[in-house]
Number of protein chains: 2
Amino acid sequence: MGAITKVRARAQDAQVGLPLDRILMDDCIDAMKGLPDKCIDMIFADPPYNLQLGGELFRPDGSHVDAVTDDWDKFDTFAAYDRFTRGWLAEARRILKDDGTIWVIGSYHNIFRVGTAVQDAGFWILNDVVWVKANPMPNFKGTRFTNAHETLIWASTGEKAKYTFNYRAMKTLNDELQMRSDWALPICGGPERLKNADGHKAHPTQKPEALLYRVLLAATRPGDVVLDPFFGTGTTGAVARRLGRRFIGIEREHAYVEVAKERIAAALPLDESALTIMQSAKSAPKVAFGLLVETGYLAPGAVLTDAKRRWSAIVRADGSLQTGDQTGSIHKLGAVLQGAPSCNGWTFWHHEEAGELKPIDSLRQTYLLATQP
Amino acid sequence: MGAITKVRARAQDAQVGLPLDRILMDDCIDAMKGLPDKCIDMIFADPPYNLQLGGELFRPDGSHVDAVTDDWDKFDTFAAYDRFTRGWLAEARRILKDDGTIWVIGSYHNIFRVGTAVQDAGFWILNDVVWVKANPMPNFKGTRFTNAHETLIWASTGEKAKYTFNYRAMKTLNDELQMRSDWALPICGGPERLKNADGHKAHPTQKPEALLYRVLLAATRPGDVVLDPFFGTGTTGAVARRLGRRFIGIEREHAYVEVAKERIAAALPLDESALTIMQSAKSAPKVAFGLLVETGYLAPGAVLTDAKRRWSAIVRADGSLQTGDQTGSIHKLGAVLQGAPSCNGWTFWHHEEAGELKPIDSLRQTYLLATQP
DNA sequence: TATATCAGTGAATCTGGGT
DNA sequence: AACCCAGATTCACTGATAT
């Protein structure tokens, strides 16, 4: 069993007793109260925001407000929504692991209140991400801008908290450019959109699987436990299963639960080779520069230069470099010579190979290829 | 005198006594207190973002990032920032006409708190608009998504309030398609970026004129009075003047006021490059290979080959390809396998479709056809 | 003179493990 | 908790300098 596998296995011991890959049919706060502290790796939440739509007024819990008998106004409505939001966020924070993150999606109706509550709950916002819809519903009355995006908030458990971000995988996914905070993805339609027997859409705000795909690929690792407290028709569960993550869904409506169960059962898990993603150099086995000298990949006395031959240095037997009376590690000397705060010596220093300057990092690659099984 | 002209003339009677087309050098709340109730047609506010930056930041090449470290952006706590925000918003609401609107721009650091305060002050949000930056600063350390957008909130004085929205002008500006809530515009640089005598930027957060152009064109009429309580170097004033709107600027820093005065006095007719930017704002849709994987056009685990089936590779979850122990993007792996310096993966790699090998570029075409309006 | 290369920079909450 | 140090990390665009 390799080292990484061991770490994962140990992490999964903590999963014993959790209702993994199941849907809890319950109020989201009540259901979260049944989960232990710090047991979840990531939360994806798509909370309701049906405040004042179509002349009808609904409470955040979905119950109908009778305007005749209920004493309400805008303030009451916002205050009630805030109480609801702060309630479920407090539970979310309790069950989230220290190195976990939370995602919340919303529109201008609710996202500002949610974002404020996220910050007030002690979460630390990492990014806001806009889902730019390729094909949004037009504004029929021509009274405003076409509402063509939704906003996601991504937050860690605190300013100093660790978190998972698969930087390299995101960069690969985006054609070798850093993934940005604006994601252009189509809305959920066509065969992906779940329908009831009567042909009507099964859920009013079903999210596209591509959105969850990117969220899960960016911020979780295989085997991680993802909780969705507003599970709906189970997009989070379907994508989690496909990507080899575990899920816990919470959904109050029986009809949605049934649709979600069927849908997730049909989702095909990818096999492990397809799940492998590009890794950052950070996780590659480390090779000290001195090792290359010891093993003869580079001889003591060899001359290194930067790419433009502005500086040169001599390799010493202990793996340090020397320029004049300056000495130090490949990183330290590179930084000192450039007057920079830091320097990656592996890419800064070059050696001549077949009449060509090559970064010493290529020697490290050669070494790794020759010695790795 | 026609009816419309009369309305305008009457409206302009109300402007008598206002400090039109002037900059008030004062604290924004104090200055607003000197203005009468309901005298302003539109407010554009670019308040401090409360960035809360840590230490110094250096680019991978060792150069230093010139961050926003000005005192005006420092607040001790969220509570202090909220007090500040609610204070100026209350005055803003008082001086705004019943049929006026307010715009506020911010980033994830502050926009959620601002949006909540906007709603609590009784404003009615009409849209949130995302300014998608064509050329944002990258995330140098690879720790998060590139922060590539800012958010604008547009709100009326209440749910039933009338307001100005020049639907037709926006549609024309957007190539006869409804203007959407996502605006792709470059950041402010080049000759438009104001510099001090020392060549250093005059203001750390100068907004592009193209942004204000769209805001003013969308939500004001000629002759309207636009107030900017955080005037800075006066982008709002310059664009207002060019578009035949009146402005009132409020700015506390003497240095900014001086720069703004000079700039507005220069009052060039709308810069041609700005107009070009406005009209060519629709960027060509880019489709990364990974997007086809996310959206299900190609499943992870699928096998790709070249046209003559000499090589094959497996598609992985992050859009990378794998052949044996070689991995990389469609372009990189294609190049490596052929021993070529570069390769167009879109035409090199093929997938089988109805028993026939087709270049994956055809999938990209299919995707574009299905998702572009 | 035209082209290629280099240098600079923009609202940024920007490392992590060991001692 | 503070310090040390290995070493990983950037995109689009502008304007100046070099060829």
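In what follows, chains carry the letters A, B, and so on, assigned in the order in which the sequence lines appear, proteins first and then strands, with residues in each chain numbered from 1. Atom set for the values below is all heavy atoms of this structure, side chains included, hydrogens, waters and symmetry mates excluded.
- Judged by distance alone, the side chains of A:Thr172 and B:Arg316 never bring a donor and an acceptor atom under 3.5 Å apart.
- For A:Lys162, taking side-chain heavy atoms from C-beta onward, the closest of the listed nucleotides C:dG17, D:dG7, D:dT10 is C:dG17.
- When heavy atoms are screened at a 4.0 angstrom cut-off, B:Gly190 is found touching the sugar-phosphate backbone but no base atom.
- Searching all strands for a Watson-Crick or G-U wobble partner of C:dC14 with both distances below 3.5 Å returns nothing.
- Nucleic acid contact for A:Arg180: none, since no nucleic acid atom lies under 4.0 Å from a heavy atom of the residue.
- Between B:Tyr49 atom OH and C:dA11 atom P the separation is 9 Å, expressed in whole Å.
- When distances run from any side-chain atom of B:Thr143 to the nucleotides C:dT9, D:dA12, C:dC14, the shortest one goes to C:dC14.
- Of the two residues near DNA chain D, A:Ser329 and B:Pro138, the one whose nearest nucleotide lies more 5' is A:Ser329.
- Glycosidic conformation, C:dT13: syn, with the torsion inside 90° of 0.
- Donor-acceptor pairing under 3.5 Å, judged by distance alone, is present between the side chain of B:Arg144 and the base of C:dT13.
- In this entry the distance linking CD of B:Glu56 with P of C:dT15 reads 12 Å, nearest Å.
- Note: NZ (B:Lys141) to P (D:dC11) measures 14 Å, nearest angstrom.
- Side-chain atoms of B:His149 and B:Asp182 form no donor-acceptor pair, as typed in the model, at a separation below 3.5 Å.
- Figure legend. D:dG15 is base-paired to C:dC6; pairs are counted as Watson-Crick or G-U wobble with both atom distances under 3.5 Å.
- In this structure, the nucleotide among C:dT13, C:dA11, D:dA8 sitting nearest to the side chain of B:His109 is C:dT13.
- Contact check, A:Arg364 against D:dA6: no side-chain N or O comes under 4.0 Å of OP1 or OP2.
- As judged by a 4.0 angstrom heavy-atom cut-off over every strand, B:Glu150 is placed among the base-contacting residues.
- Listed nucleotides: C:dA11, D:dG7, D:dA12. Nearest to the side chain of B:Lys286: D:dA12.
- Counting atom types as modelled, B:Lys133 pairs no side-chain N or O with a base atom of C:dA11 as donor and acceptor under 3.5 Å.
- Comparing atom distances between the A:Lys332 side chain and each of D:dC5, C:dT9, D:dA8 picks out D:dC5 as nearest.
- Within 4.0 Å (heavy atoms only), A:Ser342 reaches at least one base atom of the nucleic acid.
- C:dT9 atom P lies 14 Å from atom CZ of B:Phe58, rounded to whole Å.
- The residue B:Asn147 sits close only to the backbone: its heavy atoms come under 4.0 Å of sugar-phosphate atoms, none of a base.
- The phosphate of C:dG8 (OP1 or OP2) has no side-chain N or O of B:Ser63 nearer than 4.0 angstrom.
- Atom CG in B:Leu51 sits roughly 13 Å away from atom C1' in C:dG10 (whole-Å rounding).
- With C:dG10, D:dG7, C:dT13 as the choices, the nucleotide that has an atom nearest any side-chain atom of B:Ile187 turns out to be C:dG10.
- Minimum atom distance to the side chain of B:Trp72 is reached by C:dA11, of the listed C:dT13, D:dT9, C:dA11.
- When heavy atoms are screened at a 4.0 angstrom cut-off, B:Lys195 is found touching no nucleic acid atom at all.
- Between the C1' atom of C:dT13 and the NE2 atom of B:His149 lies a distance of 14 Å, rounded to the nearest Å.
- Counting only heavy atoms from C-beta on, A:Gln178 has its side chain closest to D:dC11 among D:dC11, D:dG15, C:dG10.
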Got a list of side-chain donor-acceptor pairs under 3.5 Å for residues 330-344 of chain A, not counting sequence neighbours?
{"unit_1": "A:His331", "atom_1": "ND1", "unit_2": "A:Gly345", "atom_2": "N", "d": "2.9"}
{"unit_1": "A:Gln338", "atom_1": "NE2", "unit_2": "A:Gly334", "atom_2": "O", "d": "3.3"}
{"unit_1": "A:Asn344", "atom_1": "OD1", "unit_2": "A:Trp346", "atom_2": "N", "d": "3.0"}

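- With 3.5 Å as the limit, one finds no donor-acceptor pair spanning the side chains of B:Ser107 and B:Glu150.
- Between the side chains of B:His64 and B:Glu56, a donor-acceptor pair is found at a separation under 3.5 Å.
- Evaluated for a side chain to side chain contact (heavy atoms under 4.5 Å, CB included) with A:Trp103, the options A:Ile43, A:Val129, A:Asn127 yield exactly one hit, A:Val129.
- Phosphate contact (OP1/OP2 of D:dA6, side-chain N/O of A:His331, threshold under 4.0 Å): absent.
- In summary, the aromatic rings of A:Phe165 and B:Phe145 are positioned with their centroids under 6.0 Å apart.
- Contact between the side-chain N/O atoms of A:Tyr167 and the OP1/OP2 oxygens of D:dT10 is found at a separation under 4.0 Å.
- Using cut-offs of 30° and 60° for the angle between ring planes, the B:Trp72 and B:His203 rings count as parallel.
- A stacking contact links A:Trp124 to C:dT13: the aromatic ring centre lies within less than 5.5 Å of the base's six-membered ring centre, and the planes differ by less than 30°.
- Both distances falling under 3.5 Å, in either a Watson-Crick or a G-U wobble arrangement, occur for no nucleotide opposite D:dT9.
- Comparing atom distances between the B:Leu53 side chain and each of C:dT13, D:dT10, C:dA11 picks out C:dT13 as nearest.
- As judged by a 4.0 angstrom heavy-atom cut-off over every strand, A:Lys171 is placed among residues touching the sugar-phosphate backbone only.
- Across all strands, A:Ala288 comes closer than 4.0 Å to no nucleic acid atom at all (heavy-atom distances).
- B:Pro208 comes within 4.0 angstrom of nothing in the nucleic acid, heavy atoms only.
- Note on B:Pro191: only backbone sugar-phosphate atoms sit closer than 4.0 angstrom, heavy atoms only; bases stay farther off.
- For A:Asn344, the side-chain atoms get nearest to D:dA8 when compared with the rest of D:dT10, C:dA11, D:dA8.
- Counting any heavy atom pair closer than 4.0 Å across all strands shown, B:Gly106 reaches no nucleic acid atom.
- Note on A:Leu126: nothing from the nucleic acid sits closer than 4.0 angstrom, heavy atoms only.
- No engagement by A:Asn127 is indicated, since no non-hydrogen atom pair under 4.0 Å with the nucleic acid exists.
- Contacts of B:Thr205 with the nucleic acid, taken as non-hydrogen atoms under 4.0 Å apart, include base atoms.
- Residue B:Lys201 has a polar side-chain atom (N or O) positioned under 4.0 Å from OP1 or OP2 of C:dG10.
- A side-chain N or O of A:Thr101 and one of A:Trp154 form a donor-acceptor pair less than 3.5 Å apart.
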